[in-house]
Structure formats: structure tokens, C-alpha cells
Number of protein chains: 2
Amino acid sequence: MAKVTLQDIAGVCDVDISTVSRALRNDSRVTTASRARIHAAAKRLGYRPNLLARNLAGGSTRTLWFILPSLDASVDYRLVRHASHHANIRNYTLFTAMHDCDTFTSPSSQSLDHYSELIERAGQGLADGAVILPRRFYSDLSLLKDLVLRGFPIVFIDNYVESLPVPFVTTDNQTAAHELARRCVQAGAREAILLFEEQNAVAKARLAGAQTALRELGVPFVEMHQVPADWTPEILGSSVAILGSAQHYLHQFAVRHAEHLTGKNLVFGVFDDWLGEPSPARTVIIAVQDCETMTHRAVNNLIAQIEKKTQEAPGMDLIPIREFKILSGSF
Amino acid sequence: MAKVTLQDIAGVCDVDISTVSRALRNDSRVTTASRARIHAAAKRLGYRPNLLARNLAGGSTRTLWFILPSLDASVDYRLVRHASHHANIRNYTLFTAMHDCDTFTSPSSQSLDHYSELIERAGQGLADGAVILPRRFYSDLSLLKDLVLRGFPIVFIDNYVESLPVPFVTTDNQTAAHELARRCVQAGAREAILLFEEQNAVAKARLAGAQTALRELGVPFVEMHQVPADWTPEILGSSVAILGSAQHYLHQFAVRHAEHLTGKNLVFGVFDDWLGEPSPARTVIIAVQDCETMTHRAVNNLIAQIEKKTQEAPGMDLIPIREFKILSGSF
DNA sequence: TTGTACGCGTTATCAA
DNA sequence: TTGATAACGCGTACAA
């Protein structure tokens with residue numbers, strides 16, 4: 001790895017290092033002749049600018065980080081994809097940093113360490129700002145709080161941490177779940193099972209939306225995080241809707257209670273994605289989040305913070321669902 | 001974003017900047033007293049070391065890049081996860097860089113630009129080495145070739161580019177597909193449809209393995225990338241195996257030919273993952289790649305190149321399948 | 001149009 | 001044990 005520097009080129013071309021620097025940046029104040037000569041020499045020697053040095057001198061990296069726990073849900077990947085796209089448009093490079101990557105031997109502690117380390121590094125000059133997707137509540141918010149207080153540009157996406165004055169953009173989950181539940185009933189369901197957990201803001205909003213819709217429609221439902229003691233699957237009627245945040249939860253639940261669900265007329269209501277056949281449901285209704293708009297808003301807000309150096313008014317940016325898809329079996 | 005530097009701390013504590021540097025790195029040659037004083041001041045002022053400067057001075061970033069087109073297949077995510085884990089163990093930080101993130105308006109050119117940009121940046125001081133997953137054949141290999149020739153440490157994973165002398169690690173796809181086909185026949189299939197494309201090394205190896213197995217067992221098959229002109233789905237018998245690289249391809253094929261497949265006794269053979277019920281198949285046999293071993297080998301090889309500064313003997317490291325899973329329907 | 005000199009923040013090598 | 005000083009590679013006012 002012989003590293004070629006501006007100095008080396010300067011030596012070969014017999015000019016000063018600063019002339020080389022200007023020539024390679026196509027500064028108009030350099031003779032066309034020597035500019036060509038210098039470019040040729042640079043190419044011949046295999047010169048590559050050192051980004052560390054350039055960023056250190058320039059005071060900016062034009063780099064953003066997208067910090068999130070994992071990429072195992074396809075919606076996460078879609079967010080990263082679109083965020084990267086919008087960052088590129090604004091002439092920034094976006095890097096993905098995941099902090100649940102290291103949860104093999106000792107899940108909780110390792111993961112927390114890795115999370116802290118990322119938050120820590122974000123403010124150490126490697127990035128100009130960060131989009132953060134906080135999937136759960138972190139026990140230790142001090143590092144994040146420090147970062148915010150020091151004025152490091154941050155935008156939350158999808159989920160948020162209530163106690164921090166940071167702008168965030170998320171789906172209007174309550175309205176989305178309301179509509180999703182309504183459509184499930186419209187598709188024939190006469191009772192419903194809600195699989196939304198209560199532990200994060202997103203699921204909480206979805207639970208609230210679905211509850212409201214079902215109450216308005218007079219459709220009875222149970223929530224699986226607080227199953228009534230006397231409830232057994234046997235009391236189910238023949239037309240049931242099951243709503244949850246991801247295929248994973250619905251399928252797991254269906255398999256576990258397969259004996260009671262077989263033969264029923266099932267409608268699944270889910271967010272973002274469904275792979276394969278709807279089975280055992282007759283129909284799957286999918287609420288697809290608008291990842292493109294979400295990331296567009298998030299990245300623009302972040303860059304505004306960076307370039308204007310002024311914190312955007314922190315607040316919630318609620319994005320509507322992009323579309324509702326209906327999936328019916330082919331067999 | 002008031003940036004606090006060593007200089008600021010030095011001013012407050014009335015010592016030299018180099019003493020501060022040593023104190024904060026817990027160098028034993030600093031008085032316990034002043035070390036405490038300096039640490040306190042650093043904490044009070046909210047000092048964060050600038051990683052750009054540190055890496056520039058130190059000549060190394062202890063950072064690896066995992067460059068890949070996308071993360072839409074779950075196996076990709078698993079590779080990144082494990083690679084990050086192994087990098088952390090060796091005290092490196094691994095970043096994920098995707099180059100198909102930018103394929104919305106003008107797929108081919110944009111994506112190529114982004115790919116080139118990443119390859120270019122990898123060698124510009126931001127990383128010490130890179131694990132590269134080349135999903136397809138890139139039209140322009142010159143940048144990559146340059147990087148290799150300049151001695152930048154690289155390891156290919158999963159797929160590879162034949163003309164480059166770079167070590168790579170991949171699954172023993174031929175043996176895997178051979179076994180997968182054998183198991184499908186064992187599960188009752190009397191003929192087979194192979195959906196492996198011919199365009200990349202991985203699929204080619206899988207195709208070859210499956211072909212060999214089926215010939216050995218005397219089971220007739222068709223390849224869907226070169227369907228015989230006179231072939232129509234109607235000639236299918238009642239027990240058919242369909243083999244492909246991912247759920248996506250199998251399901252798409254099944255839906256397209258639903259009318260001819262309904263009622264048949266189907267066995268699916270697939271790699272890595274299957275979400276939801278096997279429907280329309282009776283059984284899905286899944287060949288799960290050993291991502292942990294693959295990334296372990298790749299990262300270790302990469303770090304060996306970096307630290308010993310000697311190119312490891314380039315060659316193919318073939319990893320066996322981790323396990324074969326069998327998925328049967330619950331309904 | 002080109003060269004000089006300094007700054008970016010940190011580490012490391014000398015003296016003292 | 002500490003302080004001065006030189007790298008690290010590049011950008012850029014300022015002077016020539």
C-alpha cells in the first residue's frame with residue numbers, strides 16, 4: 001500500500017504542493033498546461049486523496065449516519081435505501097450503522113455497549129449528523145442526551161424518545177391502524193385479535209387506532225398482551241381478523257393456535273410486508289408505510305440543521321400510509 | 001457544536017497539550033494527581049476526541065467496510081451481522097455500505113456511479129480493508145482492479161470476480177444444491193423444475209449441483225432459463241420439485257403457473273429462508289448457509305492482510321451448508 | 001499564475 | 001514527569 005500524496009506529485013512535476021492541490025481541484029487559476037501535466041502525473045502515480053486529511057482540513061465530512069438496531073424487517077431496509085438516495089441527491093454519503101449486530105454471546109450488555117459506542121462515535125467527527133431509529137427504550141440515554149445538548153444534528157425516524165428535544169418523523173400509525181382494522185371488518189371479520197405490543201410508541205399508537213376503529217364498529221376484540229384469564233381460543237366465531245405489526249408475529253401466533261384457527265375464515269391485517277401465500281388467512285391486508293416521504297423529510301431536516309447550523313423546531317412529522325394492498329391466495 | 005479540543009483542556013489545566021493527550025490515554029507517565037485533574041476538566045468541558053485527527057496521526061482507522069449491493073435478502077443481513085460481530089471481536093468497527101441504494105430514477109447508471117464511488121472511497125483512508133460481496137458482474141472493473149493492485153486489503157464473500165487475484169470465501173454451492181435436490185426426490189418428487197439463473201457464479205454452481213444429482217437419480221428436469229420450445233406445464237406429473245435460490249423466485253413462479261400447479265404434490269427446495277406457510281407446496285426444504293463461519297474466515301483473512309501487510313494466498317474457501325431445515329404446513 | 005505559511009486535532013519523538 | 005516540536009495529508013488566505 002504505497003500511499004501517493006500531493007507531495008509526491010509535486011516532486012515529480014517540480015511545482016509546489018499547493019499548485020498540485022489546486023490543479024487537481026480544477027482551479028481556474030492554474031495554467032491549462034500544468035494542470036494537464038499534473039493530472040497526468042496524478043493518474044500515472046495512482047494518486048488518491050486522503051479523505052481523513054481532507055475532511056480534517058475542511059471541517060466537514062459530508063457524511064451522514066443512519067443508526068438503527070437491525071435490518072431484519074424489510075421496512076428498515078427500505079428506510080435506509082431511500083435515506084441513502086435522498087442523502088446522495090443532496091451530495092452527502094450515508095452510512096448504515098447497526099448496533100444489534102453484536103448480540104451473540106451476551107445479548108443485552110454487548111448490544112448496549114455497541115449502541116453506546118456508535119452514539120459516541122457519531123459525534124467524534126466521522127459524521128456531520130445522524131438519522132436515528134430508536135427501536136426500544138434504551139436504559140442509558142445520557143450519551144444520546146449529551147450529543148443532543150452539544151448541538152450535534154439528529155433526527156429521529158419511525159420511533160422516538162419522548163424526553164429528548166429532537167425533531168422526528170414517523171408514520172401516522174394511529175390513523176393507519178384505524179383504517180387497517182376498518183378494512184379487515186369490511187372484508188368480513190366479526191371479531192378481532194390484536195397482537196400489538198405495548199412497549200414502544202409505534203405499537204402503542206397502532207393499538208390505539210385499531211381499538212378505536214373496532215369500538216366504533218361494534219366489533220369485539222382481545223389484545224394478546226393482556227389476555228383475559230377466562231379467554232380461550234374456543235370461543236372464537238368463524239370470522240376473525242388478526243392484526244399485528246409484522247408477518248412474523250401473525251404467523252407465529254397462527255401456528256401456535258393452529259388447532260383453533262383451522263377452518264375459520266381469517267383476515268390478517270399487517271404492516272409493510274407479506275411474503276408468500278396468505279395461508280392460513282383468506283386475505284391479507286397490508287398497510288404500506290411511505291418510506292420515501294419519511295426519509296425525504298428526515299434527511300432534509302437533518303441537512304437543514306447541519307448547513308444552517310440552527311436546530312429546526314423539534315416536532316412530530318406525521319406521514320400518512322402510502323397504500324393498502326390486498327393479498328389473496330392463488331391456490 | 002462548540003468543539004472542545006485538547007488545546008482547550010490544556011489551557012484550563014495550565015499544562016501542555018501533549019500532557020493532556022497522555023493523561024486522557026491513561027499513560028502511566030503522568031502524575032495521578034494531574035491525570036485526575038485533566039480527566040475532570042475533559043469531562044466538565046465535554047471533550048470528545050476527533051477521530052479524523054486521531055486516525056490521520058495514527059495511520060490506521062481500525063475500520064472495515066462491508067460493501068454489497070443491497071440487503072433485501074435476509075442472508076445478506078445475516079452476513080453483515082456476523083461480520084460485524086467478528087470485526088468487533090478483533091477490535092475493529094465494521095460499516096455497511098450498499099450501492100444499490102440509489103436506483104430509483106435511472107437504475108443502471110446511478111447504481112454504477114454509487115458503486116464506483118464506494119470502491120473509490122474505500123481506498124481513500126476511511127477504511128483499512130473491505131469485505132466485498134459482488135452480486136453481479138460489474139461492467140467497469142478498473143477501479144476495483146486498481147484498488148487490488150495498490151495492495152488495498154480485500155476479501156470477496158459469497159460471490160466473486162474471476163479475473164481478480166483476491167481471496168474469497170463462499171458456500172460450497174454445488175454440493176449444497178446436490179444434496180438439496182436429493183432430499184427433494186427423497187421427499188417424493190418425480191420430476192423437477194430448476195429456477196437457478198445462469199448469470200452469476202453462485203447460481204451456476206447450484207444449477208450444476210442440482211443437475212448432477214437429478215441425473216444420478218434418473219429424475220427428469222427442466223431449467224426455466226432455457227425452456228424447451230415444446231414444453232408446456234401440462235405435461236407435468238403429479239409430484240414435482242421446484243428448486244431456486246430464494247422464496248421470491250419460487251413463489252413468483254408458482255403464482256404465474258398456478259393453474260397448472262394446483263392440486264399437485266409440490267416440494268420446494270430453497271436456500272436460506274422461507275417465511276410463512278409452505279403453500280402451495282406440501283413441504284419446503286431449506287438449505288441454510290453457514291454465515292457465521294463464512295464471515296469468520298473472511299474477516300480473519302482480511303485482518304491478516306491488514307496487520308501482516310502481506311497478501312494472503314488468494315484462493316477459494318468453500319464452506320459447507322450449516323443445516324437443512326424441513327418446513328411442513330400447520331394448516 | 002505560483003509559492004509560502006499556517007491551521008485542522010491528534011500522536012509520537014525527542015529534550016529537558 | 002513534562003514540554004516543545006515534528007509529523008499525518010490537505011486546504012487556503014496571503015504574499016510574491
Side-chain angles (χ1 to χ4, degrees), chain A residues 1-39 41-42 45-63 120-121 123-128 150 152, chain B residues 1-39 41-42 45-63 120-121 123-128 150 152:
Chain A
M1 270 283 277
K3 289 176 188 169
V4 181
T5 71
L6 291 183
Q7 186 64 46
D8 299 327
I9 302 178
V12 170
C13 294
D14 205 36
V15 289
D16 190 84
I17 181 176
S18 59
T19 304
V20 179
S21 174
R22 279 188 286 257
L24 292 182
R25 320 184 105 255
N26 284 318
D27 193 310
S28 57
R29 310 170 295 182
V30 180
T31 318
T32 328
S34 44
R35 220 194 297 180
R37 196 161 43 97
I38 291 172
H39 268 106
L45 296 178
Y47 169 76
R48 296 287 182 285
N50 183 322
L51 262 34
L52 290 179
R54 174 175 290 180
N55 293 338
L56 181 60
S60 142
T61 62
R62 294 203 78 82
T63 294
E120 189 66 9
R121 290 201 182 206
Q124 296 185 322
L126 299 185
D128 292 347
R150 282 167 49 213
F152 184 76
Chain B
M1 271 283 277
K3 289 175 189 170
V4 181
T5 71
L6 291 182
Q7 186 65 263
D8 299 326
I9 302 178
V12 169
C13 294
D14 207 35
V15 290
D16 191 85
I17 182 176
S18 56
T19 305
V20 178
S21 175
R22 278 189 288 256
L24 292 183
R25 319 180 105 256
N26 285 318
D27 193 309
S28 59
R29 312 171 293 182
V30 180
T31 319
T32 326
S34 43
R35 219 193 299 178
R37 197 159 45 96
I38 291 172
H39 267 106
L45 297 178
Y47 169 76
R48 296 289 181 287
N50 183 323
L51 262 35
L52 290 179
R54 174 174 292 179
N55 294 337
L56 180 59
S60 142
T61 61
R62 294 203 79 82
T63 295
E120 189 67 10
R121 290 202 181 206
Q124 295 185 322
L126 299 185
D128 293 346
R150 282 167 49 212
F152 184 77

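Atoms considered below: every heavy atom in the structure, side chains included; atoms not considered: hydrogens, waters and symmetry mates. By convention in this document, chain letters (A, B, ...) are assigned in the order of the sequence lines, proteins followed by strands, and residues within each chain are numbered from 1. If you're wondering where the values come from, they're calculated on a predicted model, not measured in any experiment.
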| query | With a 4.0 Å cut-off on heavy atoms, is A:T5 in touch with a base, just the backbone sugar-phosphate, or nothing at all? | reply | sugar-phosphate

| request: Return the value, rounded to whole Å, for the distance between atom CZ of A:R62 and atom C1' of D:dG11. | output: 16 Å

| note | Separation of C:dG9 atom C1' from B:I17 atom CD1, nearest Å, is 7 Å

| Residue-phosphate contact under 4.0 Å: B:R22 side-chain N/O, D:dT1 OP1/OP2 | no

| task | Heavy atoms only: give me the nearest A:Q7-A:I17 pair and the separation to one decimal. | result | OE1-CD1, 3.8 Å

| request: Check whether the side chain of B:R48 and the base of C:dG9 form a donor-acceptor pair under 3.5 Å. | output: no

| task | Assign each of B:V15 and A:L6 to its nearest nucleotide of DNA chain D by heavy atoms, then name whichever residue's nucleotide is nearer the 5' end. | result | B:V15

| request: Give A:R29 one of three labels, base, sugar-phosphate or nothing, depending on what nucleic acid heavy atoms sit under 4.0 Å from its own. | output: base

| query | Just how far, in rounded Å, is P of C:dT1 from CG of A:D14? | reply | 20 Å

| Can you check the B:Q124 CD to D:dG9 P distance for me, whole Å? | 14 Å

| request: Go through the steps to decide whether B:N55 and B:T61 satisfy the test side-chain hydrogen bond (donor to acceptor under 3.5 Å, both in side chains), and finish with yes or no. | output: CA-CA 5 Å; B:N55 294 337; B:T61 61; 5.4 Å; no

| remark: Result for 5'-nearest mapping on DNA chain C, choosing between A:A57 and A:S18, is A:S18

| note | In whole angstroms, the gap separating P of D:dG9 from CZ of B:R54 amounts to 18 Å

| said: For a quick check of understanding: with a heavy-atom distance under 4.0 Å over all strands, which category does B:R25 fall into, base, sugar-phosphate or nothing? | reply: sugar-phosphate

| Does B:R121 use its side chain to pair, donor to acceptor, with the backbone of B:L126 at less than 3.5 Å? | no

| message | Base, sugar-phosphate or nothing for A:L56? Non-hydrogen atoms, less than 4.0 Å. | response | base

| query | Could you state the CG-C1' distance from B:D27 to D:dT2, rounded to the nearest angstrom? | reply | 11 Å

| message | What contact category does A:T31 fall into here, base, sugar-phosphate, or nothing, at under 4.0 angstrom with non-hydrogen atoms? | response | sugar-phosphate

| field | OP1 or OP2 of C:dT11 under 4.0 Å from side-chain N/O of B:S21 | value | yes

| task | Starting at atom CG of B:N50, determine the distance to atom C1' of C:dG9, rounded to an integer number of angstrom. | result | 6 Å

| note | Closest to the 5' end of DNA chain C, once B:D16 and B:L52 are matched to their nearest nucleotides, is B:L52

| Are B:R29 and B:D27 within salt-bridge range, i.e. N to O under 4.0 Å? | yes

| message | So, taking the atom named CG in A:D128 and the one named OG in A:S60, what distance separates them when rounded to the nearest 0.5 Å? | response | 4.0 Å

| note | Taken to the nearest whole Å, CG/A:N55 to P/D:dG11 is 10 Å

| message | On the nucleotide D:dT2, are OP1 or OP2 found under 4.0 Å from the side-chain N or O atoms that B:T19 carries? | response | no

